[in-house]
Amino acid sequence: MLNNHFNGFKTPFFMLRAFCYFCFFATMAFATPKEELISDPKVETQEQSHSPLLEVLIWPFSKVFQPLLNVAIYPLSAPLRYAFEHRVIDKGINFFSFGESKNIFAYPTFNLKPGTTTQIGGTYRHRRVFFPEDYLVVNASLYANSDIRTNIRYSKGRFLNTRFLFGLKFGVHANRDDSFIIPMTYESFVQTDTSMYVEARLSRVIPGLQKWSFGLFLDQSYHNSDIPDTQDSVLIEHPSYSVYDRGVYQDFFTNKVKAQIQYDNLDFPFIPTKGTRIIWSYSHFFISDYKNLAFEVPEKSKKNHNFSIFEFVFQHYFMLGTSKRYQLNTQEIRDLRKKFVDFTWDESIRLWNPEKVMGMLFNRKVIAVQYRLKHMLEAEKGGAPHMAFPVLNSRFPLRGYSSSLAAPSIMGLSLEYRWPVDRYVDGVFFNEYAIFTDHLDHWKKSSLRQSWGLGVRIRSPSMFFFRTSVGFHGLHGVEVVITIAPEFY
């Protein structure tokens, strides 16, 4: 993730937020489907005869902001017009789709970030590989410093002609710039880490309860950690953190057993517009003895490294307005694309009457809400490995933060406002809160964090491709997130 810190930034935060809200609503204005903007010609004529006061209010926008906006948009206008008129988006999707029924999708991935985190790779998705109800996903990435990350996922419905769903995952991650975080602080240190894991999953719908399912997960992973090449960043001693007991710069195995109960009545898995998902899960981790610490430490008695994680997730989606469909039809897509390249400020001002604003903001839009609680419990205090602690990052989600803080307990609330921009594209505006603590019964206001921002989601009704977002957290900086993982759990 890209993390830029604006040192010396003097503008008050409320002005920055107001400007982003303004850009958001302006985007919504020219992204409104055509039929929502059609009105009586008489009404339009009346709207064009502005009162003197309204003329005074409009003048700065039409004489100052509109020319500046035109200058900013002009370099993009021609490429956008070409892309929409020649259906570049649709052709791009078709170009990367294969098979008679377009059940194979292969596309490149990249993430341009400063330093060694720049990566290029590819993703391969294949439905009905061997059987009618199976699905294969392969993702591989190569980083600028020659690190690699590979993940393979395979799932099979009606496993062995039963109602069970079987899943298998395998992954390898070699990262010489990995890090661990001192819990309840922003202190982090680099360590090299090569990890491998394999996970098997078996789940099925609970008989008599069609919306409820039960799942069992078995996972084994191996962590091979060592001191980094930059010797000055090595942690030897810390007043509240034992390198020896936390498995830092050492090798160990983990074996996980996880049980999960889930309620799900969402209408669509990748573009849900209504419904609820609730997840309860309990995971227990059996940790082996740590080995191969690269330097000497005072002799200590070995602690129990096992730990457990409790997690609760609540999601709810509901669609605003009277439209029965969230997806855009062909004519609506053409009208929308035309507005992207023919937008003018005068047209935007004309739309700002209460009826059109209400239709623009509250019709065919989806509100997504997620509450998530994650709690880690050690078998022996101070003995769990460094990777046991929940981390505050863009996957919690708190998209304005990188992986910069860890704690035994983290609780978060996310709110998303989504709208269709194109056939395969959603626009997203989000606002999120998270709070962390080292005692589940004691939450401090000072530990509350918040982020907000904008993004887009690239998906089809049956497949999620990737998402990108820009998240802000106060005046401390901005996070750019580009990932193939969905926003929520």
Side-chain angles (χ1 to χ4, degrees), residues 1 3-21 24 179-188 238-241 246 278-281 307-316 367-378 381-382 384 386-417 428-455 469-479 481 487-489:
M1 278 165 258
N3 192 8
N4 299 324
H5 295 279
F6 301 117
N7 295 322
F9 191 73
K10 302 298 184 182
T11 305
F13 176 54
F14 72 88
M15 294 181 65
L16 176 62
R17 176 171 290 193
F19 174 76
C20 292
Y21 280 137
F24 165 68
S179 62
F180 60 93
I181 304 170
I182 308 299
M184 301 298 295
T185 74
Y186 286 97
E187 295 182 79
S188 63
H238 192 278
S240 63
Y241 193 86
R246 295 300 187 184
I278 304 173
I279 302 172
W280 293 270
S281 67
F307 66 96
S308 301
I309 288 183
F310 301 87
E311 187 165 10
F312 173 74
V313 179
F314 173 85
Q315 300 171 4
H316 186 70
I367 301 295
V369 181
Q370 174 179 266
Y371 168 82
R372 187 177 181 186
L373 171 65
K374 197 170 185 180
H375 173 65
M376 188 274 292
L377 181 63
E378 298 180 270
K381 187 173 180 59
H386 59 86
M387 39 72 64
F389 294 87
V391 178
L392 196 65
N393 58 20
S394 60
R395 284 289 291 136
F396 191 77
L398 202 63
R399 279 160 275 190
Y401 286 78
S402 61
S403 299
S404 56
L405 191 142
S409 302
I410 297 181
M411 180 167 54
L413 179 66
S414 301
L415 177 67
E416 281 195 359
Y417 176 89
V428 176
F429 177 81
F430 57 87
N431 191 26
E432 301 164 333
Y433 294 86
I435 189 170
F436 57 92
T437 183
D438 53 354
H439 296 286
L440 191 59
D441 58 348
H442 186 60
W443 302 85
K444 297 180 181 179
K445 186 179 179 181
S446 60
S447 299
L448 182 65
R449 299 291 183 270
Q450 186 262 350
S451 72
W452 63 280
L454 300 166
S469 64
V470 180
F472 304 89
H473 58 284
L475 298 180
H476 300 289
V478 57
E479 282 293 325
V481 180
E487 300 91 336
F488 293 162
Y489 185 89

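Values below: all heavy atoms of this structure, side chains included; hydrogens, waters and symmetry mates excluded. On a predicted model such as this, the values are computed, not experimentally measured, just so you know.
- In this pair, F429 and W452 present their aromatic rings tilted. The plane angle is within the 30 to 60° band.
- Minimum heavy-atom separation, P390 to I410: O-CD1, 3.5 Å.
- Here CH2 of W443 is found 6.0 Å from OG1 of T437. Values are rounded to the nearest 0.5 Å.
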Next on the checklist: Apply side chain to side chain contact (heavy atoms under 4.5 Å, CB included) to residues I279 and Q315 and explain how you reach the verdict.
Outcome noted: CA-CA 9 Å; I279 302 172; Q315 300 171 4; 5.5 Å; no

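- Of the residues H442, H375, H439, the one that meets the side chain to side chain donor-acceptor pair (under 3.5 Å) test with S409 is H375.
- Side chains of Q370 and V313 form a contact here, defined as non-hydrogen atoms less than 4.5 Å apart.
- Heavy-atom minimum distance, S469 versus F430: CB-CE2, 3.9 Å.
- Between E479 and R399, no side-chain nitrogen of the basic residue sits less than 4.0 Å from a carboxylate oxygen of the acidic one, so the salt-bridge criterion is not met.
- Residues meeting the side-chain hydrogen bond (donor to acceptor under 3.5 Å, both in side chains) test with S188, sequence neighbours left out: none.
- Put simply, CZ on F314 and CG on L373 are 14.5 Å apart, with the number rounded to the nearest 0.5 Å.
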Checklist entry - Could you go step by step and tell me if I367 and Y417 meet the side chain to side chain contact (heavy atoms under 4.5 Å, CB included) rule? => result CA-CA 5 Å; I367 301 295; Y417 176 89; 3.6 Å; yes

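- How far CD of Q450 is from CD of E432: 8.5 Å, rounded to the nearest 0.5 Å.
- Between E378 and R246 there is a salt bridge, since at least one side-chain N of the basic residue sits less than 4.0 Å from a carboxylate O of the acidic one.
- For the pair G453 and F472, the tightest heavy-atom approach, listed with the atom from each and the gap, is CA-CD1, 4.1 Å.
- One finds the OH atom of Y186 at 5.0 Å from the OH atom of Y401 (value rounded to the nearest 0.5 Å).
- Counting all heavy atoms, side chain and backbone alike, T185 lies closest to L405 at O-CG, 4.0 Å.
- The ring-ring contact (aromatic ring centres under 6.0 Å, His included) check on Y371 picks up nothing, with sequence neighbours excluded.
- H238 and Y241 have perpendicular rings, their planes meeting at more than 60° on a 0 to 90° scale where under 30° would count as parallel.
- Between W280 and F312, the ring-plane angle classifies as tilted under the 30° and 60° cut-offs.
- Of all non-hydrogen atoms in G400 and S451, the two that sit nearest each other are N-OG, 3.2 Å.
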Checklist entry - So I435 and L448, side chain to side chain contact (heavy atoms under 4.5 Å, CB included) or not? Walk me through it. => result CA-CA 4 Å; I435 189 170; L448 182 65; 4.2 Å; yes

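- Taking all atoms of both residues into account, the shortest heavy-atom contact from F488 to S414 is CE2-CB, 3.9 Å.
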